[in-house]
Amino acid sequence: MDTHDKPAGERPDDTMPNLDLGETERLVARTPLGEHTVMGGECGDCSARMAPSRPVCPNCGGTNIHPAALDSLGTLYSFSVVHVSATREVPYTIGYVDLPKNVRVLAAIDGDPAELRCDQVVRLVPDTGDGWRFAPASVEEKDMR
Amino acid sequence: MDTHDKPAGERPDDTMPNLDLGETERLVARTPLGEHTVMGGECGDCSARMAPSRPVCPNCGGTNIHPAALDSLGTLYSFSVVHVSATREVPYTIGYVDLPKNVRVLAAIDGDPAELRCDQVVRLVPDTGDGWRFAPASVEEKDMR
Amino acid sequence: MSAYILSGAMIPMGKHTNASYAGLAVPPVRRAIRESGLSRADIGAVYCGHAFGGMLTGQRIVKDLGIGGVPVVNIDNACSGGASAVQAACQAVEAGIVDVALVIGVDKLTQFGGGTLPLVTEDWEVRQGMVMPALYAMRARRYLHERDATPADLAAVAVKARRHGMTNPFAQIRKAATVEEVLASRVICDPLTLFQCCPTGDGAAALVVVSEGRFRRLGKSGLRVRASVLHSGTATTGFRDMLRPEITYHSAAEAYEVAEVDPKDLDLVELHDAFTIAELVYYEALGLCKPGHSAALLRSGATSQGGRTVVNPSGGLLAKGHPVGCSGVAQVVEAFWHLTDQAGARQIPNARLALTHVTGGGISGLDHGACTVHIFERAS
Amino acid sequence: MSAYILSGAMIPMGKHTNASYAGLAVPPVRRAIRESGLSRADIGAVYCGHAFGGMLTGQRIVKDLGIGGVPVVNIDNACSGGASAVQAACQAVEAGIVDVALVIGVDKLTQFGGGTLPLVTEDWEVRQGMVMPALYAMRARRYLHERDATPADLAAVAVKARRHGMTNPFAQIRKAATVEEVLASRVICDPLTLFQCCPTGDGAAALVVVSEGRFRRLGKSGLRVRASVLHSGTATTGFRDMLRPEITYHSAAEAYEVAEVDPKDLDLVELHDAFTIAELVYYEALGLCKPGHSAALLRSGATSQGGRTVVNPSGGLLAKGHPVGCSGVAQVVEAFWHLTDQAGARQIPNARLALTHVTGGGISGLDHGACTVHIFERAS
Ligand SMILES: [Zn+2]
Ligand SMILES: [Zn+2]
């Protein structure tokens, strides 16, 4: 019997919780050329991109989201060196990185904070742990953009 | 200048917080005859009694509350042996004890739980730590009531 | 003008350790919106009940669905959090403040890793060792002392709950037990045993509440909200009759008056059976029987599936589960399914009137901190 | 029919380690009721805003005053918790659901023993290291990047806040500082320094809100609620202009429209200056100046005591303090004192119109989780 033949009060399969904690998400992917890229999601219905991926598209409300390798080069929108934290060692630097096709990610930012600037080009650092790390891109990389 | 001549926006003294945590309250008193009694409060306006004492009378809303030595003999309204706790060693027994003049206190109850009964007479155990302890009263004490 | 329940959904209650609050609540919210026939853009306000979700629980849920820009109010009222959110939504809809409201009830108790729920250590009785099962255990002890009842009567509540839960695929516990098994399970707070206490789990439920005008235009079936009552407890420093919880008496009396409904006319009741003793005491407080007759009412079968007024057809908090802030909303979803003939194997035939009741929170000097009673009628 | 603020009170903000939530809130609740001329028995409902009070915060407070049996709703909306409680009370009074409502805002941050506030670890950005000062620090960095402004402009916000706070005996910080001292204080989140961040403390505030009919019969002076707006943020997975917080733009625009008030007509504003940068950004979002002109507005003195629209005469969150759930209610109390000529040395002469604004909660994808804007008018 198809589950949809059952009345609502007997269809738990329709509303199983999204198991969005626990497993470490796969945050970095490799392109066929071996380049590391941010791993996120893309909505099959409205083409909205997001990182990390999620079960429902905040743009259109759909669930037709597939994994998508995004980009490794982005722009540093803003950043701060954090000197107080109840949970981790300080100082550390975080910033918002804008990737092409309208994706913003919060990431750890490597490099001398005194040398960082808003709007500079940053590149994904491959060996991420449980988050993303970006660092200022080289001159050639900036030209690529 | 009397503080009440000041406008409301300059009178913080009127609304200082009640410092009701921190200090261990004095929970047991001694009568002139050397007997231990429950220490509580009595409202000077409506005569309501309470244990422990508190800054405002829940009966009439007044603040005219003075310390009052209540009683040492009471009736065990109900009780339970607690076998699960995230914070203390189990098992332990707690119960509601009704004191004369309409005061109910939650207290640790000593003695073999199998021998405890609702409505039995219980007596304050003098050596309390940070709460009250009661135990079944002797036959003579029951007669006194 | 009444408010109407247009749709409802919940997740199966249980230990969903790897789901966040949004992970728990997003699926039933999506389904409730889908089944309402409305869209995300129609939602005018969100009321989210919870006890342990932390900051901005409702926003964390609805932003994942792209719902934003509208008022989102997070309400915590201990076990009544979810039902208080229902009440706030009904009030806003009845007053014409909002036309379509989304209600969420959610909690994740597995975050605490077992044991009794964390109570507020500022409370004097909590510092003296009070835990929720002990409060109910003292009620149970007094009940056995005053009434013509035995521990087997208490256990019979759990037996019924589990029997009902067996037919509910959303229930956390779907395994039957005998009176003997209930009494033989390990002691939690004497005289209450493990099977007499609701299990620890996670849950989420959602409702779409709409105005009468909207309901009429849509022409769907649903529930008319006949009464939606919330009260807090009244404090005393003295004697309190634990078998007459004034907060539930007070709330129920007001609900029956507002709804102009007699308890006799109820087809089903989802009441707050967090512990077995609670169901018996609340039979009396809700007027399902006269004071003193609760054990007899249970024994008569009138509150079991097939009886005159089925109490907790879902399995109740004892079998369906009790993720604190979720429960008040999940009760309404269960009522919704029965009153719209969607309850399947456990359907109460021709159910027309339902009452839901949830109360809770251990604070010294009070029966409970909050109590909520709703009465619903089948509408189309 | 409008709602009216009949009375208000608060405790001096600070570190009150030995006070419970009830210990903090009972004194201002008593005073607000006393000054309203009404009695405990007149209170028809209680709305308690908080962020970290735990279960049944409102009940734990009012039961100590013997208030019970009425609906008590506990609302948490991060920094907007208190203001959300004000909004719920105003709605209920305006809709005729209740005639007299008590509003409480309370929080005790000293319970955490210092450091940044605990955020919800389910949130992706929090797991990546986000803390509230870092969010504002990124705003500040972007502000310095895009605008014709320097760190000294940021510091000038703190200088003004402290100067205002010196005249407010309810303020946690009553000590002046120069721009140099602000910039020399230790770095919290670069470019924000300690003096640019609100202090950690405890607080409580209370209001009595009544219907127009009740207000007229009593014949006292008070505040007419011209607008009471609550919104949640709208999520995006992409670009967001951190200098144009859509949630505050949206809420303010609606408040001005509802109140039919022009920002130019405001005599005072209590806005959410949890960090210096916030005040500058919110000048623009609240329409006190055109986008891009906030630093110039501050430099002009128009928002300082004696200026055209005094912003944060209380000292604001930076000097008065910011016990999260308390702040939205304490802002209204400050407005109440000015609009009823009870503000003493810091009185804004002939103040007639006031706006209060509070927003907050760090969730990825949102400006903030909740934002509340109120507009009040002197009434008698
Ligand atoms: Zn989409
Ligand atoms: Zn009194």
Side-chain angles (χ1 to χ4, degrees), chain A residues 20-21 24-25 27 40-43 48-54 56-59 65 70 75-109 113-114 116-120 128-133, chain D residues 109 112-147 185-194 196-197 200 233-243 275 277 281 362-367:
Chain A
D20 51 356
L21 296 177
T24 305
E25 289 118 308
L27 294 166
E42 186 171 290
C43 177
R49 291 178 149 213
M50 62 204 79
S53 191
R54 51 189 74 190
V56 184
C57 172
N59 189 46
I65 294 169
L70 305 182
T75 306
L76 185 62
Y77 177 72
S78 193
F79 62 96
S80 176
V81 186
V82 179
H83 290 267
V84 289
S85 169
T87 55
R88 60 177 74 189
E89 242 183 275
V90 292
Y92 60 90
T93 306
I94 54 175
Y96 278 127
V97 175
D98 287 332
L99 301 175
K101 297 194 188 161
N102 201 26
V103 179
R104 173 170 289 184
V105 297
L106 185 73
I109 307 295
L116 296 174
R117 297 283 175 271
C118 290
D119 291 341
Q120 81 178 116
T128 60
D130 53 356
W132 294 293
R133 307 191 71 82
Chain D
L109 304 190
F112 301 116
T116 57
L117 284 183
L119 296 182
V120 173
T121 53
E122 287 187 352
D123 186 84
W124 167 252
E125 290 190 350
V126 172
R127 297 210 298 276
Q128 289 276 80
M130 181 66 96
V131 290
M132 287 311 291
L135 185 71
Y136 283 95
M138 286 194 277
R139 251 179 218 163
R141 166 108 41 211
R142 192 73 201 181
Y143 187 89
L144 296 176
H145 178 72
E146 289 191 25
R147 299 290 163 80
S185 63
R186 72 184 168 90
V187 178
I188 298 297
C189 287
D190 180 39
L192 297 180
T193 57
L194 181 66
Q196 300 191 57
C197 306
T200 294
T234 300
T236 175
T237 53
F239 177 78
R240 176 181 292 285
D241 183 344
M242 292 186 88
L243 306 188
F275 301 90
I277 178 63
V281 168
I363 305 181
S364 39
L366 297 180
D367 273 335

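Residue numbers begin at 1 in each chain, while the letters A, B, ... track the order of the sequences.
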May I ask you to decide whether D119(A) forms a salt bridge with R142(D), counting only side-chain N to carboxylate O separations under 4.0 Å? yes

With a 4.5 angstrom heavy-atom cut-off, is it the side chain or the backbone of R186(D) that approaches chain A, or both, or neither? side chain

Pair I94(A)-M130(D), side-chain contact (heavy atoms from CB on, under 4.5 Å): steps then yes or no: CA-CA 8 Å; I94(A) 54 175; M130(D) 181 66 96; 4.2 Å; yes

Report the C-alpha distance between V82(A) and V131(D) in whole Å, list the side-chain angles of each, state the deciding distance to 0.1 Å, and finish with yes or no for side-chain contact (heavy atoms from CB on, under 4.5 Å). CA-CA 8 Å; V82(A) 179; V131(D) 290; 4.0 Å; yes

What is the distance from atom CG of L106(A) to atom CD of Q128(D), rounded to the nearest 0.5 Å? 6.0 Å

R104(A) and R240(D) have their tightest heavy-atom pair at NH1-O, 2.9 Å

Okay, R54(A) and chain D: the region with an atom under 4.5 Å from a heavy atom over there is side chain

Quick one: do R141(D) and L116(A) satisfy side-chain contact (heavy atoms from CB on, under 4.5 Å)? Show the steps, please. CA-CA 11 Å; R141(D) 166 108 41 211; L116(A) 296 174; over 6 Å; no

Which region of L135(D), side chain (C-beta onward) or backbone (N, CA, C, O), has a non-hydrogen atom less than 4.5 Å from a non-hydrogen atom of chain A, or is it both or neither? side chain

Please find the pair of heavy atoms, one from D190(D) and one from H83(A), that lie closest to each other, and give the distance. N-CD2, 4.4 Å

By a 4.5 Å heavy-atom criterion (distance strictly below it), what part of Y92(A) contacts chain D: side chain, backbone, both, or neither? side chain

Taking the side chain from N102(A) and the backbone from T237(D), do they hold a donor-acceptor pair closer than 3.5 Å? no

State, to 0.1 Å, how close W124(D) and G131(A) come at their nearest heavy-atom pair, and which atoms those are. CH2-CA, 4.4 Å

Most chain D-contacting option - heavy-atom pairs closer than 4.5 Å, from T87(A), V103(A), L99(A): V103(A)

Do the side chains of M242(D) and Y96(A) get nearer than 4.5 Å, heavy atoms only? yes

For residues S80(A) and A134(D), report the shortest heavy-atom separation together with the two atoms involved. CB-O, 4.2 Å

Looking only at heavy atoms, the pair that brings M138(D) and S78(A) closest together is O-OG, 2.6 Å

